[in-house]
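If you scroll down you'll find the structure; I have some questions about it.
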Amino acid sequence: MKTSGDLFYINLSFDDFKLGGSAFAQTLNRIGNETPSVRDSKFFKDSFNLVQSLINDGAIFSGHDISSGGLISCLLEMCFSSLNVGMKIDLTNLNCNDSIKLLFSENSGIILQSDQNLDKIFNEIGVECSKIGETIISNELNILNFEDNYVFDINHYRDICYSTSRDFDQKQTK
């Protein structure tokens, strides 16, 4: 991930944020009643093709899928790949007051980093794309959503993530 560039959220599910079936729900020993789905396969296909075109044109610096672990996992994992690269994020314009639902729902979607106006490009194909922040030189992930404000120490969570992966690897490869 580059130390500069705007971050954009593209909701590929075209659905409300739902926690059913999410890793978060599982940690609470719940399954949930509603799971996110992809509501419009044509827009999904058009978005996928546009992303591929933008990658080929060099317009995207980095990106990450949201649907495995939710937005919080996505943002942290994007920061894990580089040292001293953090993010300043404002999710308020996604219009979800429930920060838990917003951060942990596993709706199909992606976060893209670019120095181009991706929201305009996606709007041309009828897909909502929201600028949610920017990368910064820092070891913190700062997230604002309405009145909620969170600060995550990237190094701390990277260590936790990597130690868990290491422990799983040791058990699986005896």
Q. Is Thr135 close to Asp6 at the side-chain level, that is, under 4.5 Å between some pair of heavy atoms?
A. no
Q) Mind checking whether Tyr157 and Phe152 have parallel, tilted or perpendicular rings, split at 30° and 60°? A)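 Geometry flag for Phe152 against Tyr157: perpendicular rings.
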(Q) For the CZ atom on Phe146, are there more than 12 heavy atoms of other groups (residues, nucleotides or ligands in this structure) within a distance under 6.0 Å? (A) yes
Q: Sort out for me which residue in Asn142, Val85, Leu141 forms a side-chain contact (heavy atoms from CB on, under 4.5 Å) with Ile136.
A: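 Testing each of Asn142, Val85, Leu141 against Ile136, the sole residue satisfying side-chain contact (heavy atoms from CB on, under 4.5 Å) is Asn142.
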(Q) Between Arg158 and Phe80 (side chain of the first, backbone of the second, donor and acceptor by atom type, cut-off under 3.5 Å), is there such a pair? (A)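 Looks like yes, one N/O pair under 3.5 Å.
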Q) Between Gln113 and Leu7, which heavy-atom pair has the shortest distance, and what is it? A)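 Heavy atoms of Gln113 and Leu7 come nearest at CB-CD2, 3.8 Å.
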Q) Do Asn123 and Val127 have side chains that get closer than 4.5 Å, going by heavy atoms? A) no
Q | Nearest atoms (heavy-atom pairs only) where Asp65 meets Ile110 | A | CA-CG2, 4.1 Å
(Q) Please tell me whether Leu94 and Ile100 are part of a single hydrophobic cluster in this structure, the criterion being side-chain heavy atoms less than 4.5 Å apart. (A) yes
Q: Give the minimum heavy-atom separation between Asn145 and Cys96, together with the two atoms involved.
A: ND2-O, 2.9 Å
Q.
Between Asn84 and Asn139, is the side chain to side chain donor-acceptor pair (under 3.5 Å) condition met? List the steps.
A. CA-CA 5 Å; Asn84 298 317; Asn139 287 315; 3.2 Å; yes
Q. Do the non-hydrogen side-chain atoms of Val51 and Leu112 ever get within less than 4.5 Å of each other?
A. yes
Q. Do the ring planes of Tyr9 and Phe17 sit parallel (below 30°), tilted (30 to 60°) or perpendicular (above 60°)?
A.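 Geometry flag for Phe17 against Tyr9: tilted rings.
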Q) Among the clusters formed by ILVMFWY side chains lying less than 4.5 Å apart, do Leu76 and Tyr150 turn up in the same one? A) yes
Q.
Is it the case that the side chain of Ser53 and the backbone of Asn49 share a donor-acceptor pair, with hydrogens and angles ignored and the cut-off at 3.5 Å?
A. no
Q.
Can a donor-acceptor pair be found, under 3.5 Å and without considering hydrogens, that links the side chain of Ser114 to the backbone of Ala59?
A. yes
Q: Without swapping roles, check the side chain of Asp40 against the backbone of Phe43 for a donor-acceptor pair under 3.5 Å.
A: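 Yes: the side chain of Asp40 pairs with the backbone of Phe43.
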(Q) Quiz question: by atom type and distance under 3.5 Å, do the side chains of Asn11 and Asn107 form a donor-acceptor pair? (A) no
Q. When you look at CD of Gln52, are more than 12 heavy atoms from neighbouring residues, nucleotides or ligands closer to it than 6.0 Å?
A.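 Atom CD in Gln52 is crowded, with more than 12 foreign heavy atoms closer than 6.0 Å.
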